[in-house]
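Model, not experiment: these values are computed from the prediction.
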Amino acid sequence: MTMSAPPRTPPETGGEPGKEAVERTAEQAVKLSARKAAQGPAQDSARDPAQAPARPRVGARALLRATGGPRYAVALLVDSFGNGMLRPFLLLYGIDVMRLSAPVSGAAMTAGIIAGLCATPLTGRWLDRGARSTVVAASMLIRVLGTLVLLAAPAGSVPWFTAAALFLGIGNQSMPTAHAALIATVAAGRERDAAAAAARSVRNGGMGLGALAATAAMAGGPTAMRWLAAATGASFLVSALLAWTVRIRGQAAPVKGSGIRTAPTPVMLKLLAANVIYVFCLNVPEIALPLIVVRMLHASPAWAAGIFVANTALVVALQVPVTVWLGRWPRSVALAASGGVISVSYLGFLLASALGHSLAAPAVAAVSVLCTIGEIMYAGAVGPLLMAITPAPVLGRALARFQLSNGIGLAVSPSVITALAAHGSAALWLPLTAATLLAAWSVRRLSDGEQE
């Protein structure tokens, strides 16, 4: 059954042909939608704390419907499980199975990420034509093709590994954009925020389980890694079929002559620029903390692994309740607050690094919990804020731009973090603190429904 927004029925107009009445009414509806988007819903853009929306209550059943239904939830879990099995270990696959050097494998993966980012504008335009579950399924299927190329690739073949990384990169970059558009079609308002949080918990849980399964399988050597790639491709195929059967579609509204801007507004540009800085927090547990704990504090790698596992567990457990709790305030306030929490955690890392070797690693692990809370707050506010300030007819393009800003932040963070860390803890954490506070300050007054 295809799910879409119900069509508006035009009023009876004496003597006017039916087709012209429908066209005129549709045009008026789009213009009204644009005006409403420009003004913003009162409950979302309230600046007075006394008029702030009450804490929303979303039941489990309603939350499941808002995330696309049971089949789509299963599709997300299966897809993320497969992603967790291969995505963190793709570099090792290129080295151990394909017999490529580490620099060559890394360059091929970088090319795949860049290709995926270049494909996101096309994904956005496809979404703006009304496609939803079809785009989600396509992003999963193209990763099936990537795993097939991996399995068929002969050892030492750089073009084959690059092609596999390219297909996987396109799917990995297109999937978040398509998934966010689908959630925005099924749910609205604060229920949409909770649904996005629930889906993120499912995806993080699935990736964590997949990574654990892959870690256990990697003890079997190259043969086990090939079976791992085959299992990953099978999971992508199953999830694509499940997503396809959901058949969710949005209504494509005419953009030309509707008064809706297709180019990014100043508000959108400000949010995207701040997001590039915010995305650094997503890489801190994966890059900065292992670097600090193992290389600078000379602690056991088990501390870095424990921090990563704790990060995943906290996201799975707290993403929904924290997002629902943040519904007390405008989304821009919640986003700015997340920047403040993350900045405080950066200062905590700086102080923890100055402790003795016996205390430094446990202190860093403790502060990482605060950093994860900030990350959860960020994830619960930034996507919903983007969807709240974007008119529905151009949501796909806006989400594509948002994914590009994510990609830029994730791409530059490894080099920036390692370069700063080479000069000591203060050179790493103080600039990150200043940059995050600047991003938080820039978004603190963005209204949830503001258009400029």
Side-chain angles (χ1 to χ4, degrees), residues 30-31 33-41 44-47 117-129 173-174 176-185 188-189 192-193 196 250 252-256 258-282 329-339 377-412 435-436 438-452:
V30 172
K31 290 183 178 180
S33 174
R35 288 198 298 270
K36 286 183 178 180
Q39 296 170 357
D44 283 347
S45 59
R47 296 181 184 275
L117 291 174
C118 292
T120 53
L122 298 177
T123 303
R125 291 183 178 275
W126 191 5
L127 291 168
D128 284 342
R129 294 174 183 171
Q173 298 300 324
S174 298
T177 304
H179 164 70
L182 187 146
I183 295 293
T185 301
R192 178 186 61 206
D193 299 2
V255 175
K256 187 177 181 180
S258 63
I260 299 177
R261 294 181 56 169
T262 58
T265 63
V267 169
M268 178 69 68
L269 291 175
K270 186 182 294 186
L271 177 61
L272 295 178
N275 185 61
V276 173
I277 299 174
Y278 268 100
V279 167
F280 268 91
C281 76
L282 301 178
W329 297 280
R331 298 176 183 92
S332 56
V333 173
L335 181 59
S338 73
M377 293 172 63
Y378 156 82
V382 67
L385 176 59
L386 174 78
M387 290 185 276
I389 66 175
T390 305
V394 292
L395 179 61
R397 271 166 276 200
L399 289 171
R401 296 184 186 109
F402 180 71
Q403 185 61 25
L404 284 173
S405 72
N406 282 339
I408 293 171
L410 292 174
V412 302
T436 306
L438 177 63
W441 179 84
S442 69
V443 300
R444 76 196 190 286
R445 291 185 178 177
L446 293 183
S447 173
D448 283 12
E450 187 177 355
Q451 297 285 325
E452 291 182 1

J.: Identify the heavy atoms of Ala336 and Tyr278 that sit nearest to each other, and give their distance.
T.: CA-OH, 3.7 Å
J.: Apply side-chain contact (heavy atoms from CB on, under 4.5 Å) to Thr120 and Phe402, showing your working.
T.: CA-CA 10 Å; Thr120 53; Phe402 180 71; over 6 Å; no
J.: Does any N or O in the side chain of Ser332 come within less than 3.5 Å of the main-chain N or O of Leu446, such that one atom is a donor and the other an acceptor?
T.: yes
J.: Roughly how far, to the nearest 0.5 Å, is CZ of Arg444 from CG of Leu335?
T.: 12.5 Å
J.: Any chance you could measure Leu385, atom CG, to Asp193, atom CG, to the nearest 0.5 Å?
T.: 9.5 Å
J.: Of all heavy-atom pairs between Pro176 and Gln403, which one has the smallest distance, and what is that distance?
T.: CB-OE1, 3.5 Å
J.: Where do Gly380 and Pro384 come nearest, in terms of heavy atoms and distance?
T.: O-CG, 3.4 Å
J.: Check the pair Thr177 / Thr123 against side-chain hydrogen bond (donor to acceptor under 3.5 Å, both in side chains), numbers first and verdict last.
T.: CA-CA 8 Å; Thr177 304; Thr123 303; over 6 Å; no
J.: How long is the span from the CG atom in Leu127 to the CG atom in Leu395, to the nearest 0.5 Å?
T.: 8.0 Å
J.: Rounded to the nearest 0.5 Å, what separation is found between the CZ atom of Arg397 and the OG1 atom of Thr390?
T.: 11.5 Å
J.: Roughly how far, to the nearest 0.5 Å, is the CG atom of Leu404 from the CG atom of Leu399?
T.: 11.0 Å
J.: Is there a side-chain contact (heavy atoms from CB on, under 4.5 Å) between Ser405 and Val276 once you walk through the steps?
T.: CA-CA 5 Å; Ser405 72; Val276 173; 3.9 Å; yes
J.: Of the non-hydrogen atoms in Gly407 and Leu117, which two are nearest, and what is the gap between them?
T.: CA-CD2, 3.7 Å
J.: Could you tell me if the side chain of Asn275 sits less than 4.5 Å from the side chain of Tyr378, heavy atoms only?
T.: yes
J.: Enter the distance from Leu272:CG to Thr265:OG1 here, rounded to the nearest 0.5 Å.
T.: 8.5 Å
J.: Considering all heavy atoms of both residues, which atom of Ala274 and which atom of Ser442 are nearest to each other, and what is their separation?
T.: CB-OG, 3.7 Å
J.: How close do Ala388 and Arg331 get, counting heavy atoms only, and between which atoms?
T.: CB-NH1, 3.6 Å
